[in-house]
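Residue numbers start from 1 in every chain, and the chains themselves are labelled A, B, ... in the order their sequence lines are given, proteins ahead of strands. Just so it is clear, the model here is predicted, and its values are computed rather than measured. Because only heavy atoms are used, hydrogens play no part in the values below, and waters and symmetry mates are left out as well, while side chains stay in.
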Amino acid sequence: MMLLEIDNLSLNFRTRSGVVKALEDVSLSVGRGETLGVVGESGSGKSVLSFAVMGISDAAATVSQGAIRFEGLDLLKAGPSDLDELRGAEMAMIFQNPRTALNPIRPVGRQIADVLLRHAGVTRAQAQDKAVEMLARVRIPDPERRAKAYPFEMSGGMCQRVMIALALACSPKLLIADEPTTGLDVTTQAAIMDLVGELARESRMATLLITHDLGLAAERCDRIAVMHAGHVVEVAPTAELFARPRHPYTARLISTTPRPGASLAALEPIPGSLPDLRGELAPCRYSARCHLYQAECDAGPLPRQDDNGRMVACRRPA
Amino acid sequence: MPVLVSLVLRRLLGALPSIAAVVVVTFVLTRALPGDPAAYFAGPAADAQSVEEIRRKLGLDKPLPVQFLAYLGDLAQGEMGTSLITGQPVSADILARLPASVELTLCGLALALAVSLPLGVAAATRPGSWVDHMARVISTAGVSLPVFFTGLLLVYIFYYLLGWAPAPMGRLDLFASAPTTITGFYLVDSLITGQFATFRAAAAQLVLPALTLGLFALAPLTRMTRASMLGVLGSDFIRTARAGGLSRGTVLVTYALRNALLPVVTTLGMVFSFLLGANVLVEKVFAWPGIGSYAIEALVASDYAPVQGFILTMAIMYVGLNLMIDILYGLIDPRVRIEA
Ligand SMILES: Nc1ncnc2c1ncn2[C@@H]1O[C@H](COP(=O)(O)OP(=O)(O)OP(=O)(O)O)[C@@H](O)[C@H]1O
Ligand SMILES: [Mg+2]
């Protein structure tokens with residue numbers, strides 16, 4: 001059994017201007033100690049997916065089908081108190097915007113201590129000490145003093161590290177990291193990712209690493225899932241994905257990423273943009289942008305081929 | 001918190017010009033009002049000569065600048081002149097009556113807060129529910145009803161029709177005796193001295209006028225609490241708190257409400273200063289012996305000194321109020337405290 005299993009998950013948002021089909025038939029799984037990368041353009045549904053796993057979707061969201069299982073427990077059917085026990089302790093999340101993701105009027109150390117107090121069965125003083133220790137682990141200088149600071153007194157990168165300390169405080173089994181290192185300098189970025197990797201090895205923590213940075217994904221992930229407009233279009237072990245992308249979108253995505261040795265001319269943007277997720281959508285949401293598109297692509301649901309841990313949702317895969 | 005102290009000092013200094021302006025304006029205004037106090041106090045039967053004599057005695061025959069200087073000199077010694085109606089120093093009159101007004105206002109505000117905060121929070125956590133609709137109805141009704149009308153309506157229903165409330169005749173009915181004065185607040189004094197019958201009588205008298213003021217304050221406070229909570233509940237850090245598995249109470253109170261309180265405190269300050277004004281009408285309706293009714297009686301009699309004293313007191317209370325709001329703000333929000 002995998003640690004996290006997402007089966008055929010579809011999620012919609014009710015909005016004034018219609019129903020946004022933000023996720024459709026998403027299936028993914030993450031094993032213990034594994035790092036799964038999730039890549040895709042802005043708006044492809046990466047954050048929506050991670051919120052759904054954490055059970056913190058917006059009120060306007062409804063899951064129309066599918067299941068999310070964590071250690072066999074169906075999260076979509078679990079009661080709120082069961083979920084509260086899991087959240088923060090067994091599974092934790094690093095949010096995309098560290099500045100706004102922290103409570104502006106509560107000292108950052110207290111915010112970490114709050115989570116520890118809730119889950120770790122410690123006293124307030126112990127929680128505070130542990131919070132300082134966590135701040136030190138994410139390489140915040142002078143953690144004692146910083147624990148008493150408010151988010152507005154810190155730089156963006158510093159808030160990012162607080163966010164990471166907050167997520168890792170209870171040594172979760174699953175870490176969802178939504179762009180954990182954007183806004184950090186290269187050295188800190190490496191140090192943070194090393195820390196995450198260390199925890200992953202030590203305590204077999206699984207990581208869902210959401211990123212725009214294909215380079216980072218290539219370096220840190222065991223497998224990578226590619227998302228486009230609410231679909232998972234391809235999943236493959238990292239090396240294979242880069243060596244032989246099968247979905248045309250994956251291939252485009254890789255060719256738009258600067259690499260050493262590649263000429264700048266090869267860096268062409270992906271044509272077109274994400275489709276509007278409201279209203280009718282073609283079975284393949286990439287078809288309007290695809291250079292391989294043919295009429296047969298519009299015929300019914302996409303076939304999904306699974307072989308040797310590879311999946312691609314395309315009628316004309318490479 | 002030395003930062004907070006310096007903030008307070010700076011605010012106090014900043015308020016001095018406004019207080020000075022209030023002093024000048026009230027002086028000029030009261031002199032410009034129609035009516036001649038000398039004639040009023042000489043009585044309708046008096047001849048021109050005795051009116052002149054009273055005028056001289058009151059110092060009203062001197063040129064305005066001289067009168068103003070004399071007024072300033074008195075103020076500097078804490079003197080606000082003498083009321084012609086009561087024959088007492090205005091400062092003594094106001095000090096004696098201020099607790100009645102403050103007790104009433106605070107009770108009204110406490111009632112309003114006790115209802116509006118939970119109601120606003122409940123409405124924001126369940127938008128579109130019946131609580132939310134109720135909050136909306138209350139906010140709309142509260143704004144559209146003028147305060148003297150609510151006052152009269154409450155008296156009509158609860159005194160005249162139902163007979164549940166005592167007659168709207170001041171702070172105590174005829175049979176109760178005032179508690180020993182310690183703070184001047186009847187509720188507090190009667191409790192301290194253990195005069196529980198007095199406490200009950202005072203509370204019974206207080207309910208309707210406090211309710212009138214409370215209803216008036218309820219609408220803006222509920223509306224602001226709801227709007228502010230809605231905004232905060234949708235923000236990223238609430239999502240973080242939920243992702244940390246924090247209990248619903250912690251998320252709602254420690255994380256959401258404390259943040260949502262900032263605009264509510266601002267509204268509270270505004271509402272409070274409206275209440276200072278609304279007080280005048282409510283005191284009239286309920287024959288409440290506060291400074292509002294004192295000022296009205298003086299105004300009718302062209303009695304300058306109490307009117308000036310009243311306005312000055314209001315101005316000082318207004319400044320003090322804003323100061324308290326600033327301090328509250330600083331206590332809630334570290335950004336105010338630290339960046340100041
Ligand atoms: N509350 C909501 N109501 C309506 N639509 C929403 C809501 N939240 C997200 N969406 C839509 O869902 C889609 C996926 O958004 P999501 O935030 O998951 O993208 P993302 O892949 O995380 O992008 P980024 O890389 O910029 O973070 C977008 O089209 C977005 O507009
Ligand atoms: Mg996102």
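Put simply, CD1 on Ile56(A) and OG1 on Thr240(B) are 7.5 Å apart, with the number rounded to the nearest 0.5 Å. With values rounded to the nearest 0.5 angstrom, Arg242(B) atom CZ is found 8.0 Å from Ser57(A) atom OG. The CG atom of Asn259(B) lies 4.5 Å from the CG atom of Asn103(A); values are rounded to the nearest 0.5 Å. Between the CD1 atom of Ile105(A) and the CG atom of Leu331(B) there is a distance of 11.5 Å, given to the nearest 0.5 Å. To the nearest 0.5 angstrom, Leu246(B) atom CG is 9.5 Å from Gln111(A) atom CD.
For residues 133-150 of chain A, the interface with chain B (any heavy-atom pair closer than 4.5 Å) comprises Tyr150(A), sorted by residue number.
Taking all atoms of both residues into account, the shortest heavy-atom contact from Pro104(A) to Pro334(B) is O-CG, 4.0 Å. The shortest non-hydrogen separation linking His119(A) to Gly245(B) is NE2-CA, 3.9 Å. The nearest pair of heavy atoms linking Ser247(B) to Arg118(A) is N-NE, 3.7 Å.
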- So Arg239(B) and Phe51(A), side-chain contact (heavy atoms from CB on, under 4.5 Å) or not? Walk me through it. CA-CA 9 Å; Arg239(B) 183 176 274 145; Phe51(A) 293 164; 3.2 Å; yes
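No part of Thr250(B) comes within reach of chain A, as not one of its non-hydrogen atoms sits under 4.5 angstrom from that chain. For chain B, the nearby part of Leu166(A) is the side chain; its heavy atoms alone come within less than 4.5 Å.
Listed options Glu153(A), Met93(A), Arg106(A), Met91(A) were ranked by heavy-atom pairs under 4.5 angstrom with chain B; first place goes to Arg106(A). Across Leu86(A), Ile176(A), Asp114(A), the residue that shares the most heavy-atom pairs under 4.5 angstrom with chain B is Asp114(A). The choice from Ile238(B), Asp333(B), Asp236(B) that makes the most heavy-atom pairs within less than 4.5 Å of chain A is Asp236(B).
When the shell of 6.0 Å around CZ of Arg136(B) is examined, it contains more than 12 heavy atoms from other residues, nucleotides or ligands.
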